[in-house]
Amino acid sequence: MIRHKMKIIQTETIFLFLLCVVLKMVTSKETLRNHRPWQGGRLAELSSSYCLSWRLAVETDNIHGWRTVPVQCLHDVEVYMLDGQYASDLNLIVEHIGNYVDEIVPSDDGFDAWIFDVDDTCLSNIFYYQGKRFGGDPYDPQAFKEWASRGVSRAIPQILQLFHKLILSGFKVFLITGRDETTFGQTTLYNLHFQGFFGFERLILRSEAYKGQSGVVYKSEMRRKLVEQGYRIWGNVGDQWSDLHGQFVGNRTFKLPNPMYYGVSFLGKLSRLSLLIGYVLDICLEVLTTFYCGNTSAEACGEKNYMDFTNPDSEAMESYDGVSTKINDQGSSTL
């Protein structure tokens with residue numbers, strides 16, 4: 001009798017496990033397309049060429065709603081962020097922004113404005129994402145909240161240099177961030193000042209009235225208020241498309257590279273719901289896998305008994321010391 005019941009429980013567990021797998025596939029189609037090496041019905045090359053193509057598609061906003069970096073591209077993104085190409089890309093972008101700034105003759109009325117995002121635009125969170133395998137792990141809002149509350153993010157040197165150029169040129173610089181005003185207001189202000197961002201006109205954080213709004217709607221509203229106050233927005237700089245889409249974006253927008261995460265606030269309601277379901281299913285799969293597979297890792301168990309729906313990364317990412325030093329030492333462009 002007991003053996004019969006155990007057999008039923010095991011069968012039900014396997015059924016729930018497979019059900020979670022199917023639901024995960026349905027609610028995370030885009031994620032699975034990114035994670036599995038299948039593209040357009042053919043096996044994509046697991047090579048740097050594929051990962052370069054993936055990063056290009058991400059930066060041009062042709063891939064929406066991805067939750068994590070494809071496992072075959074984890075090392076590629078890590079190398080990109082640490083070994084000089086990220087810094088080189090920033091140098092080139094900031095150089096061209098500087099050329100554009102030099103073409104503008106600010107008026108004497110004090111209403112020529114520039115807008116900057118904060119996270120991974122002014123302040124780098126690379127130390128945080130180092131612990132998240134540079135985008136290999138799903139977004140963890142609680143963990144990021146704890147990180148941001150510490151106020152230890154480093155300035156991105158190229159952007160800090162651009163920031164001071166704009167201030168000295170007579171522009172009013174506004175920093176618009178989706179960070180919660182009550183939770184992060186003082187910490188963010190301290191972090192910015194400590195990293196050398198002095199002289200900006202205003203730091204705008206998300207107040208209680210704008211909670212729940214998408215990044216595009218919220219930042220459009222903040223920019224609308226500035227325009228109604230008479231400001232002329234000459235430029236808008238951000239690392240997410242949600243910083244640069246919407247209304248009142250400015251005369252020119254400049255997208256900084258960031259292959260580590262996709263701005264969830266830019267997703268529509270259905271996509272955000274899909275991501276939430278995906279997170280719940282991640283936990284569901286982990287619990288059921290532990291129950292069914294015992295001490296065997298979820299990846300190994302899934303690879304052995306089922307289809308490879310997670311594309312496991314068997315090697316843990318090594319911890320790096322001096323991440324900020326590696327980036328800062330790449331040099332910055334001359335403005």
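These values consider heavy atoms only, across backbone and side chains, with no hydrogens, waters or symmetry-generated copies. Position 1 is the first residue of the sequence, and the numbers go up from there. Predicted model, so just to flag it, every value in this text is computed and none were measured.
In the hydrophobic clustering of ILVMFWY residues, with side-chain heavy atoms under 4.5 Å counting as a link, Val152 and Tyr129 come out together. Note on Val249 and Ile115: separate hydrophobic clusters, where clusters join Ile, Leu, Val, Met, Phe, Trp and Tyr whose side-chain heavy atoms are under 4.5 Å apart, directly or indirectly. By the criterion of side-chain heavy atoms lying less than 4.5 angstrom apart, applied directly or through intervening Ile, Leu, Val, Met, Phe, Trp or Tyr residues, Val173 is grouped together with Phe197 in one hydrophobic cluster. Following chains of ILVMFWY side-chain contacts shorter than 4.5 Å, one can reach Leu82 starting from Val69, so the two form part of one hydrophobic cluster. Residues Leu226 and Leu166 are members of separate hydrophobic clusters, defined by side-chain heavy-atom contacts under 4.5 angstrom among Ile, Leu, Val, Met, Phe, Trp and Tyr.
In this structure, Arg206 is positioned above the aromatic face of Tyr218, its NZ or CZ under 6.0 Å from the six-membered ring centre and within 45° of the axis. Both tests hold for Arg252 against Tyr100: distance to the six-membered ring centre under 6.0 Å, angle to the ring axis within 45°.
Of all heavy-atom pairs spanning Pro259 and Trp54, the tightest one is O-CH2, 3.7 Å. Pairing each heavy atom of Leu203 with each of Thr188, the nearest pair is CD2-CG2, 4.1 Å. Nearest approach of Pro138 to Thr68, heavy atoms of both residues: N-CG2, 3.4 Å. Smallest separation of non-hydrogen atoms from Asp120 and Leu256: O-CD1, 4.4 Å. Of all the heavy atoms in Val101 and Ser169, the pair that sits closest is CG1-OG, 4.4 Å. Shown here for Val216 and Gly246, the closest heavy-atom pair between the two residues is CG1-CA, 3.7 Å.
Considering only residues two or more places apart in sequence or on other chains, Phe174 meets the ring-ring contact (aromatic ring centres under 6.0 Å, His included) condition with Tyr231. With sequence neighbours excluded, no residue forms a side chain to side chain donor-acceptor pair (under 3.5 Å) with Ser149. Remark: Asp239 engages no residue in a salt bridge (Lys or Arg N to Asp or Glu O under 4.0 Å) (not counting sequence neighbours). With sequence neighbours excluded, the residues satisfying side chain to side chain donor-acceptor pair (under 3.5 Å) with Lys255 are Glu59. For His193, the ring-ring contact (aromatic ring centres under 6.0 Å, His included) test picks out Phe198, Phe200, with sequence neighbours left out. The salt bridge (Lys or Arg N to Asp or Glu O under 4.0 Å) test applied to Glu228 returns Arg224, not counting sequence neighbours. For Asp119, the side chain to side chain donor-acceptor pair (under 3.5 Å) test picks out Asn125, Arg179, with sequence neighbours left out.
Between Ile97 and the choices Ile159, Leu92, Asp102, Leu162, the side chain to side chain contact (heavy atoms under 4.5 Å, CB included) rule is met once, by Leu162.
Judged by distance alone, with hydrogens and angles left aside, the side-chain atoms of Lys219 form a donor-acceptor pair with the main-chain N or O of Ile176 at under 3.5 Å. In terms of modelled atom types and a separation under 3.5 Å, the side chain of His96 and the main chain of Phe254 share no donor-acceptor contact.
Grouping Ile, Leu, Val, Met, Phe, Trp and Tyr by side-chain contacts under 4.5 Å, direct or through others, leaves Leu168 on its own. Other cluster members for Val105: none, since no ILVMFWY side-chain heavy atom sits under 4.5 Å from it.
To the nearest 0.5 Å, atoms CE (Met81) and OH (Tyr86) are separated by 4.5 Å. For the atom pair Gln158 CD and Glu95 CD, the distance stands at 12.0 Å (nearest 0.5 Å). Here the OH-CD distance, from Tyr210 to Glu221, works out to 4.5 Å after rounding to the nearest 0.5 Å. A distance of 6.0 Å separates SG of Cys51 from CD of Gln72, quoted to the nearest 0.5 Å.
Evaluation of the salt bridge (Lys or Arg N to Asp or Glu O under 4.0 Å) test over residues 138-153, restricted to residues two or more places apart or in two chains, returns Lys132-Asp140. The list of salt bridge (Lys or Arg N to Asp or Glu O under 4.0 Å) pairs with a residue in residues 183-200, not counting sequence neighbours, is empty. Annotation: salt bridge (Lys or Arg N to Asp or Glu O under 4.0 Å) contacts involving residues 181-195, sequence neighbours excluded, are absent.
Pro257 has its side chain within reach of Ile93: a pair of non-hydrogen atoms, C-beta onward, lies under 4.5 Å apart. A 4.5 Å side-chain heavy-atom check between Gln240 and Asn258 finds at least one atom pair inside the cut-off. Annotation: side chain of Ile156 is not in contact with side chain of Leu123 (no heavy-atom distance under 4.5 Å). Between Val77 and Met260, some side-chain heavy-atom pair lies under the 4.5 Å cut-off. Put simply, the side chain of Ile233 does not reach to within 4.5 Å of the side chain of Asn251, judged on heavy atoms.
More than 12 heavy atoms of other residues, nucleotides or ligands sit less than 6.0 Å from atom CG of Asp109. The number of heavy atoms from other shown groups lying within 6.0 Å of CD (Gln229) is above 12.
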Given Leu160 and Cys122, is the side-chain contact (heavy atoms from CB on, under 4.5 Å) satisfied, shown in steps?
CA-CA 7 Å; Leu160 181 60; Cys122 294; over 6 Å; no

Might you work through the ring pair (Phe, Tyr, Trp, His ring centres under 6.0 Å) test for Tyr261 and Tyr139, ending with a clear yes or no?
CA-CA 8 Å; Tyr261 62 88; Tyr139 176 66; 7.5 Å; no

Set out, in order, the CA-CA distance, both residues' side-chain angles and the distance that settles side-chain contact (heavy atoms from CB on, under 4.5 Å) for Trp114 and Asn236, then state yes or no.
CA-CA 6 Å; Trp114 273 74; Asn236 186 0; over 6 Å; no

Take Phe171 and Phe163 through the test side-chain contact (heavy atoms from CB on, under 4.5 Å) and record every step on the way to the result.
CA-CA 10 Å; Phe171 292 94; Phe163 170 85; over 6 Å; no

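Checked by atom type, the side-chain pair Asp89/Tyr80 shows a donor-acceptor distance below 3.5 Å.
Between Phe127 and Trp147, the ring-plane angle classifies as tilted under the 30° and 60° cut-offs.
With respect to the salt-bridge test (charged N to carboxylate O, under 4.0 angstrom), the residues Asp112 and Arg232 qualify.
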